[in-house]
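Comments concern the structure below.
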Amino acid sequence: MLEKHYDPKQVEDGKYDKWVKGNYFQAGLDRSKPPFSLVIPPPNVTGKLHLGHAMDTTLEDIITRYKRMKGFDVLWLPGMDHAGIATQAKVEAKLREEGVTRYDLGREGFLKKAWEWKEEYAHTIHEQWKKMGLSIDYSRERFTLDEGLSKAVRHVFVTLYNEGLIYQGERITNWDPELKTALSNIEIVHKDDEGEFFYFRYDVVGTDRSIVVATTRPETMFGDTAVFVNPKDPRYQDLIGKKVINPANGEELPLMADSYVDVSFGTGAMKCTPAHDPNDFNLAKKYHFPLIKVLDETAHMNEKCGIYQGMDRYECRKALVEKIKEEGHLVKIEKIVHSVGHSERSDAVVEPMLSKQWFVKMKPLADKVLERQKTSGKVEFVPKRFEKVLLRWMSNIEDWCISRQLWWGHRIPAYYHKETGEVLVSEEAPDMNLYVQDEDVLDTWFSSALWPFATMGWPNTENPDFQRYFPTSCLVTGYDIIFFWVSRMIFQSLHFTDEVPFKQVVIHGLVRDSLGRKMSKSLGNGIDPMDVIDHYGVDALRYFITTNSTPGMDMRYIEEKVASSEAYLNKIWNACRYVEGVLGENYTPRAIEKKKLGTLDADIMNRLEKTIKKVGSKMDSYEFGQASSVLYDFVYDDFCSNYLEFSKISLSHGGEEAEVTKDVLYKVMKDIILMIYPYTPFVTEEMYLSLPGHRDSIMCEPYPTYEKQFLNKKASDQVQILQSMIRDIRNYKSSNNIAPNAKVRLVVSPKEPFPGSGEYLSRFAFANSYAVKKEILGGNPFIYPGCEMVVEEDVDPTVLLGRLEKQKEVLESEIARSTKILSNPGFVAKAPKEKVELEREKLKNNNDLLKNLLDKIEQIKK
RNA sequence: GGAUGCUUAGCUCAGCGGGAGAGCAUCGCCCUUACAAGGCGGGGGUCGCAGGUUCGAACCCUGUAGCAUCCACCA
């Protein structure tokens, strides 16, 4: 027997272990079923899971559990990501607290620490997955650094290299001076920072003239190789070709002309620093300038900078500007707000800097994606609009810098001959007496990009999982990693398997705090899902987080809504408790027989079928908010507020009528539980097990099916009249200061909505006597389609007339509306027939109602 | 500079071509034997603004304002 109150803790206890032990999460046990597959977006082993993970994985779990019920053999493959930079930064930070650097430990020693870290956080993540109730297949769990994935990574690298799609080159890359590694373009976060725009006067050699050049990064002036103006700029025509003096170090620089320079920006004169600016780098290539690096890997000034050597870049900037000012070459300093690149991980200001890195040539790979998206074999985005995000990015893509100067990650399978320096790229290591391996590791996304197929045994295409479950059916992820992950999986998958990695990608938004701000450590506004679970239970959290937003839209974490989710579950819990009590221990479920149903039974069955159909279609299109809201209305209004209450009467009659009611209560209750189960597996399992005739687990049950035979509009129309009567009386009492449970006498004429409805009226409207008469006089009349009801209370005729007049006004305005629409020739001619018919019917009914009402008013006036 | 999204009840949000909805908050009445973490009944919105399409627009189109996010540029 269920407890009086739903207690999440008691309900959740032990269930997950039971499911795991029962192999309910394992794929491939019944291969006669059609396959359905998805992979988890592998969480980083950097820390605890947050609400975003909770939402993402719950959505996947809902899909997984739903598809299982629908008869699919579902594989939901779990795993974690080594998260190169992020994890290494965390491990280094921890070491720093212990007073150790990674260099103290050496590569081997450091990696040992990193693996220890990984084990610790993998354990935490496992605990959290368990708490969340994720129905993942543990027998297939993977890690991006495990042997299988590492092999796939090497294979991909070597293949792309041999195809000329991976190359090594000296380029300007984004350098994170804190983490001391190169970054890819999308790992840079641009922020509008306040900065200074320094205007310096450069003397022109051999003249008494000078030219003013503006810069935001004076410290890079030691690496300048020229000053450029636009060839059409009238201000500088006579100076082009002359030399100017670099005020930083007194060296002579050529003053040159190139159309790249924007005449209207700054002073129209620009310094060229090839080793520290991508545009200057391009200019330098054109004019064969030397590339002079002036910063080291920690953004300190190097030997090219004279007395400034060893200074931090900002220290140097300050000192240098001071010096130039003293020498009279500073014209002005302008405060500006400009966009500055920061490292996504360390937040350090990124230094564009020349370095030798490995790149993926993106154009050919991106083109394949663009081509595929024009065909029916494309990746379908849900919601559709996110496809544009991908396409635009793919159309303007730049080469991907994949090497990172880190230790934690897949080491690049490139080897250099110790003597000749010749490069060897190979999946297997060569004789290490002759070769040394490249020190760098790959961008963490390089391996994540292979996740959907490398986890299934690829490059061994004979692997049974790969054959059965790839391409995967869908992927669920946030819009914030479309570039990082989704796009890269697509192009790698297309290139290597000629298949899309997933047929559909379901994009969700971010979880924000209650004020709409992004949750972040610095704001301290993060919510730990585990705390929420402690307070409200995991089912309430899951329900809230997957039903309170629209696909692709951000949502706010509102604690009251979690509470109200729990209250809803408590509502269902208690309904189930009631049903359980009614059925008793000896009840044996029977199939519903249509011909045995009373009007109220037929009505709830009608509504149930409509609900099953609607909910199913919303589930299929991943509109979980809408699915849950359809179900909510059914549960609250149709079932709990009406049928469940009404059932008390038929049950009291006993006999076959009561037995049929039990059958219907059982059927509806069970279907409700099954429909909400994918959202809230724990509480529904508990309720399911409390019902008679249950199997070992709710996970053995198929999804409710829509049965047309139970559609019955007539029954629902009749019950609706009954509901109106009850509501009218309740409302009547409320507005006349009559206690809700005060008894009133009722007369219905000329016939009741359906046989036996009087008993319901008596009980739910608290009538102490009830009669059906051909004709009635006096009292408080209420008019319905096909019948009239009178509350036989003594009443002030003026008050009564007022009420009836009000009713009349409502009816008249309804009639006016219908008449207006129907007298519009366009409507009658062009609107769908059903609409027109419906409107005509309404008009007729309302006219009848009005006629009766007017008669009533006349009678009373007499 | 380009793109996308949002603007609906006091708050948070659904709905996205045929009569304005939910949760919370609010007001009134009820400890009625599933549920007081409840029940019943109510109040509250010219759906940002302006045009247009349509028989019909919160919903489609155009423009416009505000907010948010993403991309690009910034010597």
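Proteins come first, then strands; the chains are lettered A, B, ... in the order of their sequence lines, and each starts at number 1. Keep in mind the model is a prediction, meaning the values are calculated, not measured.
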With B for base contact, S for sugar-phosphate-only contact and - for none (protein heavy atoms under 4.0 Å), nucleotides 2-15 of chain B reads -SSSS-----BSSS

With B for base contact, S for sugar-phosphate-only contact and - for none (protein heavy atoms under 4.0 Å), nucleotides 34-48 of chain B reads BBSBSSSSS------

Per nearest nucleotide of RNA chain B, the residue lying toward the 5' end, A:T216 or A:K618, is A:K618

Of A:D277 and A:V828, the one whose nearest nucleotide on RNA chain B sits closer to the 5' end is A:V828

Within the structure shown, what part of the strands sits under 4.0 Å from [X] by heavy-atom distance: base, sugar-phosphate, or nothing?
X	answer
A:F483	sugar-phosphate
A:F228	nothing
A:Y260	sugar-phosphate

Pairing string of RNA chain B (Watson-Crick or G-U wobble, both atom distances under 3.5 Å; | = paired to other strand) is ((((((((.[[[[.)..(..]]]].(((((.......))))).....[[[[[..)....]]]]])))))))....

Within residues 831-841 of chain A, those residues having any heavy atom closer than 4.0 Å to RNA chain B are A:A831, A:P832, A:K835

Contacts satisfying ring pair (Phe, Tyr, Trp, His ring centres under 6.0 Å) that involve residues 551-571 of chain A (not counting sequence neighbours) are A:Y543-A:Y568, A:F544-A:Y557, A:Y568-A:Y632

Face-on cation placement of A:K743 at A:F766 ring, 6.0 Å and 45° thresholds
no

Residues at least two apart in sequence or cross-chain that pass salt bridge (Lys or Arg N to Asp or Glu O under 4.0 Å) with A:K9, listed by chain then number, are none

